[in-house]
Undergrad: 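Sending over a structure as structure tokens; questions will come in a sec.
Here is the naming used below: chain letters follow the sequence lines, and residue numbers restart at 1 for every chain.
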Amino acid sequence: MKTLFKFILLTGLRDKLYLSILIILAGVFGLSNLVGFSALSEEAKMQLVYFSFLSRLIIVCGMVLFICFYINKSFEHKEIDFILAKPISRSTLILSYWFSFTLISLILIIPTLIVISFFTKQDVVGLFWWGISVILELMIVSTFAIVSSLILKSAVVSVLATTSFYFIGRMMGFFVYSIDLPHNIGVVKNWQTLSEAILKFISSVFPRLDLFGKSEWLVYGINNYNDVYIVLGQSLIYIPLMLFVAFYDFGRKQF
Amino acid sequence: MKNSFLKNFDGNFSKVNKSRIILLCVLFFTFLEILFWTKTQNIKPNLGIVPEVPTISTIKAFSFGDEEFYFRVKGLRLQNAGDTYGRFSPLKNYDYKKLTAWFQLLDSLDNKSNYIPSLAAYYYSMTQNKADLIYIIDYLEQHADRDPTKKWWWYYQAMSIANNMYGDKELAIRLAEKLKDKSPLDAPLWTKQMVALLLADEGQNCEAIKIISSIIEDYEKADKKISDDELNFMRYFISKRIQELKKQNFDPTQCK
């Protein structure tokens, strides 16, 4: 497991993942500064919000691409077959991937947190919880990327599936809001009952990523710790759920 | 048929003939493209000045869970509305009703921020069309009503616009009274005095005196100290006003 762990970290280094993300983050910081200075007032807040949102998005995209293509490459080059030929269980393999990608997410988010804490004006407690929620968000997305890469044969399809998962998760607040909309207007038709049922099913299956990493925590601090508990609760449930799905599916795969 | 055409094309023609035909096809389609351009060059996007106001559902969908980021993006968009793509639009051409709808919508995303009222008070109030200022005044008052203890500054801005730019003294006095009543006790003294100054300007000296007296009583009850700067201003103002009141033969004892 340790060897695989080191190998994945080195692959990130070899593929210049860390360097590229750092360079892009530097560009985003410059862009955020430019946007911030152009605001009529609250320049520092504008800069902070732009940088935090964009850096989070870039790291998520970087991780999804890296994980999906790495696992797909491992299947193509028979690396996984070779590893499984040794006395390593399939669950151990999945957990190794999971720990490695989680550590890479941590490595990538740390520069963002450093830049925010030293170069912007932010609420310190808000920054702490924002950092935690973004790391948990990255862990959820990375776990889903691992699951989809193990299930789906094509790297491109895995990337698309994970990206769709991420955006649907981020829009989950809107879907939940839409469920009540026909009732609020007072007109409920048959097809709206069906769409309500579909939306309810989707909202029960997808995580509430819209509650993660809110920029307002950085600007104004945490008003209501219920938001934080929801983030922690969602992560504690969803990450093990997806890991067990991966264990189940990968355990049944024929090599 | 397609295969035989290609076979003939490949088999029967020499390389020189083939390249000439291909060149002719390139020229033909280039000519078609230029013709197409002449017909479509005047189809331009309608950029407009103030963008259409989205619904709350649209905001929920496109904010991707981060309403603060969406607020900042749209706020900046509103700041630059009408001045994009090298344009400079005079403020009199803006739809202030739509602008106000935008202000209120963005306040629903973040009502703690002072970015939108700053835009309204310092930028959009510079319109050449004075009739539009009522939208700005109403918006600033509504924004301040959300949390008067922290947002009292926008009462003052609304009052200032109403008095100096819009020219509605009654409205300015009403806003100044709101500023006096709703600003916290630790707000600067002038927030309490503003209504008296406006009433005195209108010649309602008795009312002005009553207000100043009540301010003094409130400060004495709360045992609040007045800063030296504020005291100096009050002395200067009173001495100036006394000269004017003497000219008017004003007798404060006649005030009920």
Undergrad: Which heavy atom in B:Glu68 sits nearest to a heavy atom in A:Glu216, and how many Å separate them?
TA: CB-N, 3.7 Å
Undergrad: Specify the closest pair of heavy atoms between A:Met171 and B:Ala61, including all atoms of both residues, with the distance to one decimal.
TA: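 Of all heavy-atom pairs spanning A:Met171 and B:Ala61, the closest is CG-O, 3.5 Å.
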Undergrad: Please test B:Phe64 against A:Asp210 for side-chain contact (heavy atoms from CB on, under 4.5 Å), starting from the C-alpha separation and ending with a verdict.
TA: CA-CA 6 Å; B:Phe64 293 110; A:Asp210 60 304; over 6 Å; no
Undergrad: In Å, rounded to the nearest 0.5 Å, how long is the span from OG of A:Ser38 to CD of B:Gln79?
TA: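 It is 6.0 Å, given to the nearest 0.5 Å.
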Undergrad: With a 4.5 angstrom heavy-atom cut-off, could you sort out which part of B:Asn114 is near chain A: side chain, backbone, both or neither?
TA: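 Both backbone and side chain.
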Undergrad: Is it the case that over 12 heavy atoms from other parts of the model lie below 6.0 angstrom from the NZ atom of B:Lys150?
TA: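 Atom NZ in B:Lys150 is not crowded, with 12 or fewer foreign heavy atoms closer than 6.0 Å.
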Undergrad: When rounded to the nearest 0.5 angstrom, what is the spacing between CG in B:Leu119 and CD in A:Glu42?
TA: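 CD of A:Glu42 is found 10.0 Å from CG of B:Leu119.
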Undergrad: Within a 6.0 Å radius of atom CZ on B:Phe62, are there more than 12 heavy atoms belonging to other residues, nucleotides or ligands?
TA: no
Undergrad: Whether A:Arg170 and B:Asp66 form a salt bridge (side-chain N of Lys/Arg under 4.0 Å from carboxylate O of Asp/Glu) is what I want to check.
TA: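 The answer is no: the pair does not qualify as a salt bridge.
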Undergrad: Going from CG on A:Leu57 to CZ on B:Phe69, what distance comes out if it is rounded to the nearest 0.5 angstrom?
TA: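 A:Leu57 atom CG to B:Phe69 atom CZ measures 8.0 Å (nearest 0.5 Å).
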Undergrad: Does A:Tyr225 OH have over 12 foreign heavy atoms under 6.0 Å away?
TA: yes
Undergrad: I'd like to know if the side chain of B:Lys112 reaches the main chain of A:Tyr220, judged simply by a donor and an acceptor atom lying under 3.5 Å from each other, with no hydrogens or angles considered.
TA: no
Undergrad: Taking atom CD of B:Gln128 as the centre, report whether more than 12 heavy atoms of other residues, nucleotides or ligands fall under 6.0 Å from it.
TA: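 Yes, because the 6.0 Å sphere around CD of B:Gln128 holds more than 12 heavy atoms from other groups.
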Undergrad: Considering only heavy atoms from C-beta outward, does the side chain of B:Val73 approach that of A:Tyr50 to under 4.5 Å?
TA: yes
Undergrad: Which one, A:Gly173, A:Gly213, A:Ser52, A:Ala39, leads in non-hydrogen pairs under 4.5 Å with chain B?
TA: A:Ala39
